[in-house]
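To start, the structure itself, in structure tokens.
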Amino acid sequence: MRAFALVDCNNFYVSCERVFNPKLEGRIVVILSNNDGNVISRSPEAKAAGIPMGAPWHEVRPELERVSGLALSSNYVLYGDMSARVRMIFDELAPSVEVYSIDECFLDLGNIAGLDLEAHGREIGQRVRQWTGIPVGVGIGPTKTLAKAANRLAKKNGGVFSLFEKAAIRAALAGMDARDVWGVGSRWSKKLEERGIHSALALADADPRFIRKGFSVVLQRTCYELQGISCIALEKAPPPKKQIIVSRAFGKKVTTQQDLKEGVSYYMTRAAEKLRSGRLAARTLSVFAHTNHFSKKDHQYSSATSVSLEVPTDNTGELIHHALEAIERVYKPGYRYHKAGVMLLDLSPAESTQTELFATDSCWQPELMQAIDTINGQMGRGTIRYGSEGFRTTWRRKSNHCSPRYTTRWDEIPKAGN
DNA sequence: TCTGGGGTCCTAGGACCC
DNA sequence: TCTGGGGTCCTAGGACCC
């Protein structure tokens with residue numbers, strides 16, 4: 001029998017902070033996105049207080065202060081490390097695991113003789129809680145979509161919920177809106193409602209051919225999955241990346257080409273690191289910059305350009321060189337730039353890269369890149385960097401309320417007794 | 001003053017080939 | 001008067017996810 005478990009960490013970012021700062025327990029706490037822009041994680045108390053997910057901080061800040069709520073900048077180094085710790089526990093408790101996001105994994109629990117699924121779900125929850133301090137919910141079902149649905153119910157039912165019997169599945173889906181089904185977003189849920197499909201059960205009972213015709217094969221699969229027919233397999237190994245994007249809003253509006261170039265150099269450095277960590281090389285790169293489209297008084301401008309290389313590369317210096325030439329074409333004076341970014345496309349495995357007989361601009365320095373990565377890995381990001389990134393901090397992101405990197409830096413390790 | 005970042009997949013339509 | 005058929009590749013846009 002097929003059985004999937006979806007384990008997700010409750011309020012993951014807030015929970016990570018609470019592990020190291022117990023004073024946050026019981027309080028209204030939110031975590032802010034990059035640049036302290038939006039609310040991206042909320043403690044249960046913050047949810048109860050009606051702070052909406054995704055709300056711009058500047059909008060909810062007065063209310064948050066009124067109720068003595070706390071806002072923290074996101075600390076991705078900490079969350080990434082905690083995520084890896086949680087994942088290691090799953091590896092011990094399931095034969096295969098798909099890492100679905102930073103706070104969610106699918107586990108394959110099918111065809112294990114004598115396994116009591118719910119008891120195993122409780123074991124998973126207890127072990128993660130005890131070993132990492134992170135609370136999780138476990139949903140179990142015969143398809144990934146039903147495991148997701150069960151996970152919603154797990155939150156209200158002591159952390160574990162399984163959906164296998166037909167009657168139980170129908171009852172659960174009847175009480176669930178179609179818009180809350182995994183794979184149904186706001187556009188499709190609206191369209192479904194126009195066709196009289198309001199509940200998850202109605203979607204399960206819809207004619208898959210009708211869904212295929214009116215929507216797409218993607219929603220048709222969802223429809224089958226709700227019926228208990230598994231169409232979406234567990235991905236044991238992550239598929240190779242197709243693109244790498246690094247982009248950020250600036251801490252302050254950027255007006256000069258020099259600041260834009262420093263930003264792009266920094267983003268490309270990050271992107272090239274990601275590239276090498278996946279043992280990939282890129283043949284196409286693209287850069288973009290735009291003004292703040294929320295602003296009513298600013299003149300709007302947005303532009304992007306891409307560059308194709310003769311030979312794929314993973315060399316930071318070469319990528320920065322092309323990105324800076326490209327950004328000169330993107331930059332137009334007279335605008336207040338809000339955000340810029342780089343994309344790496346046309347990715348291929350680095351070791352099988354074809355060299356070009358007549359290539360003139362190729363620079364392939366694997367030893368240098370490896371040395372830089374090793375030093376930065378040990379001494380901290382940016383210990384060695386390219387000069388084009390600059391030393392000023394004018395354009396860098398705001399992150400004014402960030403907690404220490406408790407688990408990955410010796411000098412920021414938590415101290416007992418104070 | 002202030003509104004995130006990073007991905008994937010599918011489809012339709014146009015260009016192009018023989 | 002009459003103007004083919006089959007196929008691939010690429011891109012833009014739309015949908016979704018966290």
Side-chain angles (χ1 to χ4, degrees), chain A residues 6-13 30-41 52-62 64-65 71 73-76 79-80 83 98-106 144-145 148 151 178-192 211-222 225 231-233 235 238-253 263 267 270-271 274-275 278 284 286 288 290-298 304 306 308 336 338-347 397-401:
Chain A
L6 176 74
V7 189
D8 92 321
C9 302
N10 302 339
N11 332 303
F12 182 55
Y13 298 168
V30 302
I31 309 296
L32 304 173
S33 66
N34 198 315
N35 235 352
D36 293 344
N38 302 58
V39 171
I40 53 170
S41 180
M53 183 66 172
W57 185 36
H58 69 90
E59 275 177 19
V60 296
R61 190 174 179 174
L64 205 60
E65 283 170 357
S73 305
S74 36
N75 183 345
Y76 285 106
Y79 311 150
S83 175
E98 172 185 339
V99 178
Y100 182 63
S101 76
I102 193 166
D103 69 339
E104 280 176 69
C105 286
F106 283 104
K144 284 168 122 181
T145 306
K148 267 274 195 185
N151 185 273
R179 84 175 84 93
D180 293 328
V181 172
W182 185 50
V184 180
S186 61
R187 300 293 176 92
W188 283 352
S189 70
K190 192 158 169 264
K191 207 167 151 185
L192 285 168
I211 297 293
R212 164 93 200 224
K213 240 184 139 189
F215 297 83
S216 86
V217 69
V218 179
L219 194 62
Q220 188 188 30
R221 276 200 287 262
T222 299
E225 286 245 322
C231 305
I232 307 173
E235 283 178 358
K241 270 192 189 304
K242 302 195 165 168
Q243 55 179 28
I244 291 170
I245 301 175
V246 176
S247 77
R248 305 236 187 315
F250 298 117
K252 281 186 189 143
K253 296 286 172 282
Y267 303 153
R270 291 281 89 76
K274 287 191 194 181
L275 195 61
T284 304
S286 144
F288 64 88
H290 58 77
T291 51
N292 184 4
H293 49 264
F294 288 108
S295 169
K296 294 199 171 64
K297 59 182 195 327
D298 278 357
S306 58
S308 291
R336 300 171 72 238
H338 170 70
K339 182 174 177 178
V342 303
M343 297 172 74
L344 297 176
L345 306 149
D346 257 331
L347 308 184
R397 71 174 182 139
K398 281 181 287 192
S399 185
N400 295 331
H401 316 274

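Lettering follows sequence order; numbering is per chain, from 1. As a basis for the values below, the full set of heavy atoms in this structure was taken, side chains included, without hydrogen atoms, waters or symmetry mates.
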Point to revise | Side chain proximity check, A:Val218 to A:Trp188, heavy atoms < 4.5 angstrom | key: yes
Check your understanding: Contact class for A:Lys252 (heavy atom, under 4.0 Å): base, sugar-phosphate, or nothing?
Key -> nothing
Check your understanding: When all nucleic acid strands are considered with a 4.0 Å heavy-atom cut-off, which category describes A:Lys191: base, sugar-phosphate, or nothing?
Key -> nothing
Review point. Of the nucleotides B:dT11, C:dC16, B:dT3, which one has an atom closest to the side chain of A:Ser216?
Key: B:dT11
**Study point:** Value in whole Å for how far the P atom of B:dG5 lies from OH of A:Tyr267
**Key:** 8 Å
Review point. Hey, is the main chain of A:Ile102 close enough, under 3.5 Å, to the side chain of A:Ser83 for a donor-acceptor pair?
Key: yes
Review point. Nearest to the side chain of A:Val246, which nucleotide is it out of B:dG6, B:dT11, B:dG4?
Key: B:dG6
Review point. Within the structure shown, what part of the strands sits under 4.0 Å from A:Phe215 by heavy-atom distance: base, sugar-phosphate, or nothing?
Key: nothing
Exercise for review: Specify the closest pair of heavy atoms between A:Gly54 and A:Asn38, including all atoms of both residues, with the distance to one decimal.
Suggested key: O-ND2, 2.9 Å
Exercise for review: Taking only the side-chain nitrogens and oxygens of A:Arg248, find out if one of them lies under 4.0 Å from OP1 or OP2 of B:dG6.
Suggested key: yes
Check your understanding: From C:dC16, B:dT11, B:dG4, pick the nucleotide closest to the side chain of A:Arg212?
Key -> B:dT11
Exercise for review: Return no unless some side-chain N or O of A:Asn292 is found under 4.0 Å from OP1 or OP2 of B:dT3.
Suggested key: yes
Exercise for review: Using a heavy-atom cut-off of under 4.0 Å over every strand shown, decide if A:Leu32 touches base, sugar-phosphate, or nothing.
Suggested key: nothing
Practice item. Among the candidates B:dC2, C:dA15, C:dC17, find the nucleotide nearest to the side-chain atoms of A:Arg336. Key: B:dC2
Check your understanding: With a 4.0 Å cut-off on heavy atoms, is A:Trp57 in touch with a base, just the backbone sugar-phosphate, or nothing at all?
Key -> nothing
Review point. Between B:dG6, C:dC18, B:dT3, which nucleotide gets closest to the side-chain atoms of A:Ile245?
Key: B:dG6
Practice item. Determine the contact category for A:Asp103: base if any of its heavy atoms lies under 4.0 Å from a base atom, sugar-phosphate if only primed atoms, P, OP1 or OP2 are that close, otherwise nothing. Key: sugar-phosphate
Exercise for review: Check whether any side-chain N or O of A:Lys296 sits under 4.0 Å from OP1 or OP2 of B:dT1, and answer yes or no.
Suggested key: no
Revision key, fill the gap. Out of B:dT3, B:dG5, B:dT11, minimum distance to the side chain of A:Ser247 belongs to B:dG5
Review point. Is there a donor-acceptor pair closer than 3.5 Å between any side-chain N or O of A:Ser74 and the backbone N or O of A:Leu32?
Key: yes
**Study point:** Check: A:Asn400 main-chain N/O paired with A:Ser73 side-chain donor or acceptor under 3.5 Å
**Key:** yes
Revision key, fill the gap. Closest to the 5' end of DNA chain B, once A:Ile244 and A:Asn38 are matched to their nearest nucleotides, is A:Asn38
Point to revise | Nucleotide C:dC17, atom C1' - distance to CG of A:Leu6 in whole Å | key: 12 Å
Exercise for review: Would you classify A:Asn35 as touching base, sugar-phosphate or nothing, given that sugar-phosphate means primed atoms plus P, OP1 and OP2, and contacts are heavy atoms under 4.0 Å?
Suggested key: nothing
Practice item. Remember a base hit wins even if backbone is also touched, and classify A:Arg221 as base, sugar-phosphate or nothing at under 4.0 Å, heavy atoms. Key: sugar-phosphate
Exercise for review: Calculate the interatomic distance between A:Glu98 atom CD and B:dT8 atom P; express it in whole Å.
Suggested key: 14 Å
Check your understanding: Would you say the side-chain atoms of A:Glu104 pair up with the backbone N or O of A:Leu6, donor to acceptor, closer than 3.5 Å?
Key -> no
Review point. Counting only side-chain N and O atoms of A:Ser74, is one of them less than 4.0 Å from OP1 or OP2 of B:dG4?
Key: no
Review point. Taking OP1 and OP2 of C:dC16, is either one under 4.0 Å from a side-chain nitrogen or oxygen of A:Lys148?
Key: no
Practice item. Between C:dC18 and B:dT3, how far apart are the P atoms? Round to whole Å, please. Key: 25 Å
Check your understanding: Any donor and acceptor pair, going by atom type alone, linking the side chain of A:Asp298 with main-chain N or O of A:Arg336 inside 3.5 Å?
Key -> no
**Study point:** Side-chain N,O (A:Lys339) to OP1/OP2 (B:dG5) below 4.0 Å
**Key:** yes
Exercise for review: Give A:Ser186 one of three labels, base, sugar-phosphate or nothing, depending on what nucleic acid heavy atoms sit under 4.0 Å from its own.
Suggested key: sugar-phosphate
Check your understanding: A:Trp182 has an atom CH2; how far is it from atom C1' of B:dT8, in whole Å?
Key -> 12 Å
Review point. Given B:dC2, is OP1 or OP2 found less than 4.0 Å from the side-chain N or O atoms of A:His338?
Key: no
Review point. A:Leu347 has an atom CG; how far is it from atom C1' of B:dG7, in whole Å?
Key: 12 Å
Review point. Over how many whole Å does the gap from A:Gln220 atom CD to B:dT11 atom C1' extend?
Key: 15 Å
Exercise for review: Please state how far atom CD1 in A:Ile31 lies from atom C1' in C:dC18, giving the value in whole angstrom units.
Suggested key: 16 Å
Review point. How would you label the contact of A:Lys274 with the nucleic acid (heavy atoms, under 4.0 Å): base, sugar-phosphate, or nothing?
Key: sugar-phosphate
Practice item. Scan every strand shown for a Watson-Crick or G-U wobble partner of C:dG13, both distances under 3.5 Å, and answer none if you come up empty. Key: B:dC10
Point to revise | Nearest atoms (heavy-atom pairs only) where A:Thr291 meets A:His338 | key: C-CB, 3.6 Å
Practice item. Nearest whole angstrom, please: distance from the C1' of B:dG6 to the CG of A:Leu275. Key: 15 Å
Review point. At under 4.0 Å between heavy atoms, what does A:Lys253 touch on the DNA or RNA strands: base, sugar-phosphate, or nothing?
Key: sugar-phosphate
Check your understanding: A:Gln243 near the nucleic acid: base, sugar-phosphate alone, or nothing, with a heavy-atom cut-off under 4.0 Å?
Key -> base
